[in-house]
Amino acid sequence: MTDPFGFLKVPRRPAPARPVDERLSDWDEVYAGQPRLPLVSEQAGRCMDCGIPFCHHGCPLGNLIPEWNAYAARADWRAAAERLHATNNFPEFTGRLCPAPCEDACVLTINADPVTIKNVEQAIADQIWARGYAAPQPPERLSGKTVAVIGSGPAGLAAAQQLTRIGHTVAVYERADRIGGLLRYGIPAFKMEKHHLNCRIEQMRAEGTKFRTGVDVGSDLDATELRRRHDAVVVAIGARGQRELPVPGRELDGIHQAMDYLTLANRVREGDYVSPPVTAEGKHVVIIGGGDTGSDCLGTVLRQGASSVVQLDINPEPGETRRDTEPWPIYPKVYRISHAHEEARGRKGADPRVFASATLRFEGDGAGHVRGLRLAKVEPVVRRPRPGTEQLIPADLVLLALGFYGPERGTGLMKQLGLTLDGRGNFARNSAFTAETVEQAEQAELTVPIRTDGIFIAGDAGRGQSLVVWAIAEGRSAAAATDRYLSGSTVLPAPIAPEDRPLAA
């Protein structure tokens with residue numbers, strides 16, 4: 001354990017990001033080149049070794065946070081790597097992309113500042129690769145069973161790696177031209193440089209996982225035929241159905257879905273374009289949506305040289321502290337500043353967000369291009385426009401970052417595999433079986449049910465739009481369910497069940 005009084009001696013000090021002006025001049029990660037050691041080891045020493053580590057419950061992966069904090073505090077990076085990899089296939093992804101609900105669940109948060117868990121995780125992940133602790137782990141023997149994984153986002157990759165390592169022959173099918181899903185084309189490089197993704201893919205290749213890019217299952221390849229050729233299929237296509245904004249003027253040129261815009265920007269970084277087909281350079285930009293995707297768009301338009309940028313959020317501005325309805329250890333809705341918001345404030349001196357506002361209509365010029373957006377303040381809860389609050393703001397480029405309604409519907413994949421939708425608009429599925437539920441069933445002398453069709457749904461396709469940690473946890477659980485179907489039993493961990501949700505009051 002660490003010093004049990006470390007949190008009383010050492011104040012919280014997050015790892016510093018690069019200066020705003022410096023990072024706005026390139027596309028490197030905001031922390032690129034910034035020193036973390038020995039700062040991270042000192043911060044890990046603030047972990048108080050509490051009797052019940054609620055940080056475990058804040059993370060669906062069940063990360064063994066106090067354990068790897070203790071090793072990081074002593075700079076024992078090999079042991080820290082082993083403990084981190086015990087529950088997380090891709091800590092270099094989560095350490096960069098997860099908003100760290102574990103920190104809000106830290107016991108210290110009750111009346112003090114939490115441990116910088118996210119910084120510690122990223123530091124350990126970086127040490128894993130720098131010190132060669134990510135050697136491929138090919139299976140000792142093959143099972144003779146084959147599995148097709150459709151989709152190569154974090155859920156699909158996690159499922160594929162777990163199933164490969166247990167001995168099944170796994171092929172991952174991706175409709176895009178590169179592996180990675182939203183990790184590749186939806187996440188800007190300043191949040192996660194793609195060499196992290198490339199290194200993990202090469203590790204998986206060395207373990208035996210096969211990758212098939214440019215294959216749209218359900219269109220290019222009949223899903224029924226794919227199921228016939230494999231012993232099991234894992235569907236991990238994500239929740240790519242993008243929400244629309246049906247207001248007058250939506251048909252005007254210059255209004256784009258956020259994910260389409262981010263994909264084009266990322267393709268420039270991949271070398272597919274010299275310059276982006278859709279750029280914010282010299283334009284008045286309006287981003288509609290206050291979530292992570294909107295923040296990613298904000299950082300991107302700033303780097304492209306937007307003349308101005310406004311981000312609209314229909315929700316009221318959160319307070320600085322937890323509400324009574326969101327007690328610890330729940331992840332609270334409080335006023336947060338992303339790196340992109342920090343960059344916008346550094347350049348313009350003000351938060352680019354306009355809260356409690358809704359778009360009434362778009363206005364265009366004579367050539368059919370958007371030139372303005374008329375908005376109004378909205379009433380809380382009911383979100384009705386308030387009379388007398390209308391205003392027109394300039395807009396040459398509008399990005400719709402309204403989130404996702406679930407997996408794309410009416411596709412060949414959905415029809416050919418006979419997939420249906422649940423009440424939330426996601427692919428319907430039965431319960432996965434964790435080690436706990438299986439043990440309970442066996443103790444009650446019940447037959448442990450397993451799927452009989454060999455089709456398993458993982459990630460956002462079954463859960464709905466969520467966080468990267470939930471996606472990886474989903475992939476690990478789907479792998480355990482698939483292995484149980486193929487082998488009759490499994491030793492693979494299943495950290496969550498389909499009905500599990502984040503902590504809530």
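For the single chain, residues carry numbers from 1 onward in sequence order.
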Using the six-membered ring of Y185, assess whether NZ or CZ of R178 lies under 6.0 Å from its centre and within 45 degrees of the ring axis.
-> no

N/O donor-acceptor pair under 3.5 Å between S477 side chain and A473 backbone = yes

Please answer whether the main-chain N or O of E92 pairs with a side-chain N or O of Q122 as donor and acceptor at a distance below 3.5 Å.
-> no

Any donor-acceptor N/O pair, D216 side chain to S219 backbone, under 3.5 Å = no

Determine which pairs satisfy ring pair (Phe, Tyr, Trp, His ring centres under 6.0 Å) with at least one residue from residues 47-83, sequence neighbours left out, and list them in order.
-> F54-H57, F54-W328

Beyond-backbone contact of R96 with K191, side-chain heavy atoms, under 4.5 angstrom | no

For the atom pair CG (L400) and CD1 (I288), what is the distance rounded to the nearest 0.5 Å?
-> 5.5 Å

Report the distance from atom CE of M414 to atom CD1 of I237, rounding to the nearest 0.5 Å.
-> 9.0 Å

What distance do R200 atom CZ and I179 atom CD1 have between them, rounded to the nearest 0.5 Å?
-> 15.5 Å

Compute the centroid of each ring, for F211 and then for Y173, and state whether the two points are separated by less than 6.0 Å.
-> no

Are any of the side-chain heavy atoms of D28 and E193 separated by less than 4.5 Å?
-> yes

Return yes if a side-chain donor-acceptor contact under 3.5 Å exists between N89 and Q162, otherwise no.
-> yes

T94 and E121 side chains, donor-acceptor separation under 3.5 Å = yes

Consider only side-chain N and O atoms of Q161 and E207, and report whether a donor and an acceptor are under 3.5 Å apart.
-> yes

Taking the side chain as every heavy atom from C-beta outward, state whether Q416 and R227 have any atom pair closer than 4.5 Å.
-> no

Where is the tightest heavy-atom contact between T490 and A480, given as atom of each residue plus distance?
-> CG2-O, 3.6 Å

Is it the case that T87 and N63 place a side-chain donor and acceptor less than 3.5 Å from each other?
-> yes

Any Y31 side-chain heavy atom under 4.5 Å of R23 side chain = no

With sequence neighbours left out, what residues match R18 under salt bridge (charged side-chain N to carboxylate O under 4.0 Å, His left out)?
-> E22, D26

